[in-house]
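Every heavy atom of this structure was used, including side-chain atoms; hydrogens, water molecules and symmetry mates were not. Counting convention: from 1, in listed order, for ligands and their atoms alike.
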Amino acid sequence: MSDSTDRGERELTTDVLIVGGGPAGALLGCLLARRGIDVVVAEKQETLDREFRGETIAAPSVVTLERLGFGPALREHGYLSTSGVKMRMEGHDVFQVDYNRFDVGVLPIDIPQPSLIGIFHEAAAALPNHSYLPGTSFTSLIEEDGVVRGAMLRHRDGSRTRVQARLVVGADGRFSKVRKAAGIDADVTPMERDFLWIRLPRPAGWGDDADLVVRGDRQLVILPTFPDLLRIGHNLPKRGLGDLRSEGIAAFRDSIAEIDPRLRPLLDEHLTDWENTGFLEIFTAEVEQWAKDGLVLIGDASHTCTPILGQGVNLAIQDAVCLVPVVARALTKDQQSRQPVPAAAFDEFAASRKKHKSFVTRYQRMQEGALAQSKPLAVLLRRTRFRLLNALPIKYKIFGKVINAPHPIDAEDLRLARIDSSTAPVQPPTTAA
Ligand SMILES: Cc1cc2nc3c(=O)[nH]c(=O)nc-3n(C[C@H](O)[C@H](O)[C@H](O)COP(=O)(O)OP(=O)(O)OC[C@H]3O[C@@H](n4cnc5c(N)ncnc54)[C@H](O)[C@@H]3O)c2cc1C
């Protein structure tokens, strides 16, 4: 990495510039730096504090993090294991999946997203070729004849850095500015509902299953959350946040308690204002083209999914892990000429990731459609369908395909994880906290 100041503008040269320090960007930065690749991670937020983000780490991601050497840090922090998911419709238990019955060997876990990202940062901070720039926003791409050669960054104090990079990775989330700047169109499909998230203290003896509680076209997703909370997502009609707020917090409490009366005492005691609520617009975004010469997209920037079965972080982690060997190979190829990585280097990566993500999105859209039903006959049919599915062992096959697709990890990354002095030897995962 080299650094100079010219015309009052800082200049920086690196192998890879990652825009966005979310789960995808932070993990990718750490793994590339472990490989000895120069990496700059630019993150627009100054701190890692972020409320209401994906905190569910699906089982294959837990296995991956363990194999990549992050297990000891996860255990030291503590997390909650989720043992299954239950669906209740109009007061009837209709569907249940026990995560212990999958052969992944571990359960999904819940850990705050800032803590997860912090674990990646801590491992990366020990690596001399990793540079993290918090409070730094991507503003534009540096392009020559349609080839991306870096990006312009703006810091909180208004100063700018011109970064020359052989690869710019857009890991800047669902509203990716990098994607837009690259002229890559996303096929955005709004879902019928948006979400409002709240957090409440978890009552003693609540259990560690995730619940989906449905009444007509209204739903609650209730997720036991580390350390002692419940994270509750309540669906809203599209663009319905203004109306909801104008009806007042008491009406919102009533509406939640009507769907799940177990929550009434908690709501009355703890949900007294809008302060601790978080809005999530629900849409899927699919991108046909994931790469240009000198640029690739990953995580939510390349493909945004809905909250069904909490796959956002899983897919982001999987993207990062699959991309590392591809980038390492491509950078070695033109080491002397320092040419930008050609788009073709990502063909295989993009095709295989797109296939998996599209499968997840198709499943999620189907469920979103079912959850949007409100007419009595449609609601009755939906309940019957879930009851039928519940009785069939194939439910484990379908669910397993959506949530448990294994992550291929390159042998070199496994080797480096074993010798990385910042991490302890790989151990089988256990439940902590
Ligand atoms: C309210 C909410 C609740 C969610 N709940 C769940 C859940 O329960 N389970 C689940 O799996 N997923 C959930 N998700 C989705 C999950 O958080 C994402 O899928 C996941 O974080 C994607 O990771 P990412 O790294 O691709 O993107 P992000 O996590 O979005 O990270 C992108 C990063 O880029 C930064 N950035 C953006 N623009 C710029 C710029 N111009 N310059 C520099 N940096 C920039 C952002 O600050 C951010 O840190 C939720 C998302 C939201 C918003």
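Under a 3.5 Å cut-off, the side chain of Arg10 and the backbone N or O of Thr161 do not form any donor-acceptor pair. No donor-acceptor pair closer than 3.5 Å links the side chain of Asp211 to the backbone N or O of Ile222.
For Thr13 and Gln164, the side-chain atoms include no donor-acceptor pair closer than 3.5 Å. Residues Thr14 and Asp38 bring no donor and acceptor atom of their side chains to less than 3.5 Å of each other. Between the side chains of Glu43 and Thr136, no donor-acceptor pair of N or O atoms lies under 3.5 Å. At a cut-off of 3.5 Å, with distance as the only test, a side-chain donor of Asn314 or His407 sits close to an acceptor on the other residue. Between the side chains of Asp172 and Ser176, at least one donor N or O lies within less than 3.5 Å of an accepting N or O.
Which parts of ligand 1 touch Ala42 is read off a 4.0 Å heavy-atom cut-off, strictly below it: atoms 43 (C), 44 (N). Short contacts between ligand 1 and Phe138, defined as distances under 4.0 Å to a heavy atom of the residue, involve ligand atoms 40 (C), 41 (N), 42 (N), 43 (C). Near Asp300, meaning under 4.0 Å from one of its heavy atoms, ligand 1 places the atoms 18 (C), 19 (O), 22 (C), 26 (O). Those atoms of ligand 1 that come under 4.0 Å of a heavy atom in Gly173, given as number and element, are 27 (O), 30 (O), 32 (C).
Below 3.5 Å of separation, one finds an N or O of Lys44 facing an N or O of ligand 1. Considering backbone and side-chain N/O atoms, Ala24 comes within less than 3.5 Å of an N/O atom of ligand 1. Checked by distance only, ligand 1 and Arg231 come closer than 3.5 Å through their nitrogen or oxygen atoms. Checked by distance only, ligand 1 and Asn314 stay at 3.5 Å or farther apart across all their nitrogen or oxygen atoms. Considering backbone and side-chain N/O of Gly299, none are found under 3.5 Å from N/O of ligand 1. Any N or O atom pair closer than 3.5 Å counts here, and Ala301 shares no such pair with ligand 1. By the 3.5 Å distance cut-off applied to N or O atoms, Glu55 is not counted among the residues near ligand 1. Inclusion of Gly312 in the set of residues having an N or O under 3.5 Å from an N or O of ligand 1 is warranted. Residue Gly310 has at least one nitrogen or oxygen atom sitting less than 3.5 Å from a nitrogen or oxygen atom of ligand 1, judged on distance alone.
Note on ring orientation: taking the six-membered ring where Trp is involved, the planes of His130 and Tyr132 are parallel (angle under 30°, cut-offs 30° and 60°).
Heavy atoms from both the backbone and the side chain of Asp172 come within less than 4.0 Å of ligand 1. Using a 4.0 Å cut-off between heavy atoms, Val19 contacts ligand 1 through its side chain alone, with no backbone atom that close. Contacts between Trp197 and ligand 1, counted as non-hydrogen atom pairs separated by less than 4.0 Å, involve the side chain only.
When Ala171, Pro307, Ala316 are ranked by how near their heavy atoms come to atom 32 (C) of ligand 1, first place goes to Ala171.
For Thr189, the side chain to side chain donor-acceptor pair (under 3.5 Å) partners are Arg365, not counting sequence neighbours.
A salt bridge (Lys or Arg N to Asp or Glu O under 4.0 Å) check over residues 99-118, counting only residues at least two apart or in different chains, returns the pairs Asp110-Arg231.
The one candidate from Ile142, Leu141, Val163 that meets the side chain to side chain contact (heavy atoms under 4.5 Å, CB included) condition with Met152 is Ile142. With respect to Thr64, the side chain to side chain contact (heavy atoms under 4.5 Å, CB included) criterion is satisfied by exactly one of Ile57, Ile409, Leu27, Asp413: Ile409.
The shortest separation from a heavy atom of Leu315 to ligand 1 is not under 4.0 Å, leaving the residue out of contact. Residue-ligand proximity: Pro23 is placed with a non-hydrogen atom under 4.0 Å from ligand 1.
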